[in-house]
There are 2 protein chains.
Amino acid sequence: MVREMEELYYELFEAAGQGRRVGEEIAAGQGQTQSRWQTMWTIEASTALTVPQIARRLGMSRQNEQRIVTELVDEGLAELVANPDHKTSPLVRLTAKGARVLDAINAAADDSHQAIIASFPPARVEQLRQLLRDLTAATSQAHGTTAPG
Amino acid sequence: MVREMEELYYELFEAAGQGRRVGEEIAAGQGQTQSRWQTMWTIEASTALTVPQIARRLGMSRQNEQRIVTELVDEGLAELVANPDHKTSPLVRLTAKGARVLDAINAAADDSHQAIIASFPPARVEQLRQLLRDLTAATSQAHGTTAPG
DNA sequence: TCCAGTTTGACAAGTACTTGTCAAACTGAC
DNA sequence: GTCAGTTTGACAAGTACTTGTCAAACTGGA
């Protein structure tokens with residue numbers, strides 16, 4: 001029972017590592033990185049978020065996310081807008097250029113996803129997603145896990 | 001369809017990140033790290049492996065694995081034994097001390113695993129493992145993914 | 001309105017991991 | 001055997017991420 005759990009994590013890390021490497025490759029096609037892609041994806045999904053909010057969602061340290069966002073802003077892919085709820089913690093939003101870059105990365109990802117779906121159909125994707133969410137919830141319940149930072 | 005794949009990776013990275021953080025905590029109880037635990041676990045599972053073999057199994061760079069193994073050897077947790085197949089690439093094996101430390105970490109992990117199993121039963125662990133293996137296989141087929149290094 | 005506790009951005013330092021390079025050792029086709 | 005191509009360990013440099021600290025801004029209870 002315990003051995004199965006160890007192997008579960010082995011396989012989980014393997015799948016995630018592989019996904020990260022593939023994502024790194026895809027993002028590199030637009031001169032970006034996996035982390036920056038994830039950040040842009042997260043911002044877009046919520047329209048606008050503060051740096052600490054993004055960091056918490058990605059399970060990443062606040063300071064690292066700060067650095068990534070600063071880079072995106074420096075390159076004109078993201079912009080900071082006033083946050084009515086917090087005078088010194090602005091909201092991060094994609095610029096038109098950022099949205100275009102994200103779209104281009106997503107388009108490249110589509111090709112990859114289509115190729116994967118050929119041998120891993122949508123129904124199994126849904127099953128897997130549900131199990132991952134449940135595992136995460138069960139783990140959160142067992143530990144009081146939070147992001148670093 | 002594509003959106004579901006993006007969310008799959010979001011959830012996959014979330015689960016893996018959480019697992020890594022919990023593992024880091026558990027390993028810290030024995031003065032170790034997640035990476036060193038994974039290395040010890042991998043060595044033990046195969047009795048003895050070369051550094052590049054461990055690196056490939058963990059999807060990690062050869063040089064980083066070299067560093068981790070060197071640290072384990074320096075602390076007497078692992079030892080290098082002559083490799084009949086390669087004069088200058090020794091096999092890495094756990095020492096008795098290393099096996100004891102690994103057992104202690106595994107024991108601590110058991111408690112964590114039991115707590116998780118309470119809300120994520122073994123049958124679902126098996127389902128999840130199967131899906132993860134299939135996703136990894138499908139991705140390998142779609143790309144020619146290999147470890148960095 | 002106050003004020004203890006928390007969150008935030010900036011700055012700095014440390015750690016973990018990757019990438020590049022090279023010579024020695026291996027491998028396999030011939 | 002021989003020799004082009006690959007793998008390996010050592011060394012070095014670069015990159016990504018975490019951790020620590022601090023003051024300013026926020027939050028919520030009394």
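Lettering follows sequence order; numbering is per chain, from 1.
- Pairing for D:dC22 goes to C:dG9, judged as Watson-Crick or G-U wobble with the two contacts each under 3.5 Å.
- Between A:Glu79 and A:Lys97 there is no salt bridge, since no side-chain N of the basic residue sits under 4.0 Å from a carboxylate O of the acidic one.
- Taking 4.0 Å as the cut-off between side-chain N and carboxylate O, B:Glu71 and B:Arg67 count as a salt-bridged pair.
- A close approach under 4.0 Å does occur between a side-chain nitrogen or oxygen of B:Ser35 and OP1 or OP2 of C:dC17.
- Picking from D:dT8, C:dT21, C:dT8 the nucleotide with the shortest atom distance to the side chain of A:Ser89 gives C:dT8.
- Comparing C:dT8, D:dG20, D:dC17 by their closest approach to the side chain of A:Ile68 singles out D:dC17.
- Remark on DNA chain D: of its neighbouring residues B:Pro90 and A:Glu65, the 5'-side contact belongs to B:Pro90, judged by nearest-heavy-atom nucleotide.
- Rounded to an integer number of Å, the gap from CD of A:Gln66 to P of C:dT8 is 11 Å.
- In this structure, B:His113 has its ring center closer than 6.0 angstrom to the ring center of A:Tyr9.
- Both A:Asn83 and B:His86 sit near DNA chain D, but only B:His86 has its closest nucleotide nearer the 5' end.
- The shortest distance between side-chain heavy atoms of A:Ile105 and A:Met40 falls below 4.5 Å.
- A straight line from CG of B:Asn64 to C1' of C:dG20 spans 15 Å, rounded to a whole angstrom.
- Separating the CD atom of A:Gln63 from the P atom of C:dC11 is a distance of 12 Å, rounded to the nearest angstrom.
- Put simply, B:Arg67 has no side-chain N or O that comes within less than 4.0 Å of OP1 or OP2 on D:dA12.
- Taking side-chain N and O atoms only, B:Thr88 has no distance below 4.0 Å to OP1 or OP2 of C:dA25.
- Proximity note for B:Pro52 (side chain, C-beta onward) versus C:dG9, D:dG9, C:dT19: the nearest is D:dG9.
- When the nucleotides C:dT19, D:dA10, D:dA25 are ranked by their closest atom to the side chain of B:Arg62, D:dA10 comes out on top.
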